[in-house]
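What follows is a short report on a single structure.
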Amino acid sequence: MILGMIILLYLMVGNYYDLQIASQRASEDTKTLLITMSLWAFLFGVLMEWKGLRSLFNGRINFNWKLLIPTLILSILVFIPNIYWMRWYGVSQDIYPNIFLLPETHMILSVLAGTMLVRTFIDNK
């Protein structure tokens, strides 16, 4: 698990540098790089719940319906590139669209979505 997390961090950092270069050049690759970076952060969040993953692999599944809906909503929101959030809302003073504009908060929310996904299928008691 630790090795997987280190590899994902390496991929996220490399992807972040590519994203910075692509955004400076106004490249079309920006969207795919943002989605890929969200995917790496999401998988990092899944690996953070290594005890829950072990329980899932051992067949101890306990579905938490109350956590499913927020997890699905957050997962959908974090895989929307921030370019679209800018197009839809612009830069405003509202906190809701602005949290998806910064790549750093976008990654934090992606990690949270991955963690919540694992917790949806395990018993946290």
Original post:
For the side chain to side chain contact (heavy atoms under 4.5 Å, CB included) test, which of T71, L72, N64 pairs with L68?
Top reply: L72
Original post:
Taking atom CE of M12 and atom CG of L8, what is their separation to the nearest 0.5 Å?
Top reply: 6.0 Å
Original post:
Out of curiosity, does I69 fall in the hydrophobic cluster containing I80 (side-chain heavy atoms, cut-off under 4.5 Å, transitive links)?
Top reply: yes
**OP:** Drop me the distance from F42's CZ to T36's OG1, to the nearest 0.5 angstrom.
**Re:** 14.5 Å
Original post:
Does some side-chain heavy atom of L43 sit less than 4.5 Å from a side-chain heavy atom of W40?
Top reply: yes
Subject >> Rounded distance [0.5 Å steps], CE in M107 versus CG in L112 >> reply: 12.5 Å
**OP:** May I ask you to check whether over 12 heavy atoms, not counting those of F57, lie within 6.0 Å of atom CZ?
**Re:** no
**OP:** Could you grab the distance from atom OG1 of T120 to atom CG of N62, nearest 0.5 Å is fine?
**Re:** 11.0 Å
Original post:
Are L9 and L53 linked, directly or through other ILVMFWY residues, by side chains that come within less than 4.5 angstrom of each other?
Top reply: yes
Original post:
I122 versus R60: any side-chain heavy-atom pair under 4.5 Å?
Top reply: no
Original post:
What distance do T32 atom OG1 and D18 atom CG have between them, rounded to the nearest 0.5 Å?
Top reply: 10.0 Å
Subject >> Which atom of I35 lies closest to which atom of F79, heavy atoms considered >> reply: CG1-O, 3.8 Å
**OP:** Give the minimum heavy-atom separation between S110 and V78, together with the two atoms involved.
**Re:** OG-CB, 3.5 Å
Subject >> Minimum-distance pair of heavy atoms, taken over all atoms of L74 and L109 >> reply: CD2-O, 3.8 Å
Original post:
If you measure from CZ on R54 to NZ on K51, what distance do you get to the nearest 0.5 Å?
Top reply: 7.5 Å
Original post:
Is there side-chain contact between T115 and V46, with heavy atoms separated by less than 4.5 Å?
Top reply: no
**OP:** Please report the shortest heavy-atom distance between M37 and N15, naming the atom on each side.
**Re:** N-ND2, 3.0 Å
Original post:
What are the two closest non-hydrogen atoms of V118 and E49, and how far apart are they?
Top reply: CG1-CB, 3.6 Å
**OP:** Taking all non-hydrogen atoms of both residues into account, name the closest pair between P81 and K31 and its distance.
**Re:** CG-O, 4.1 Å
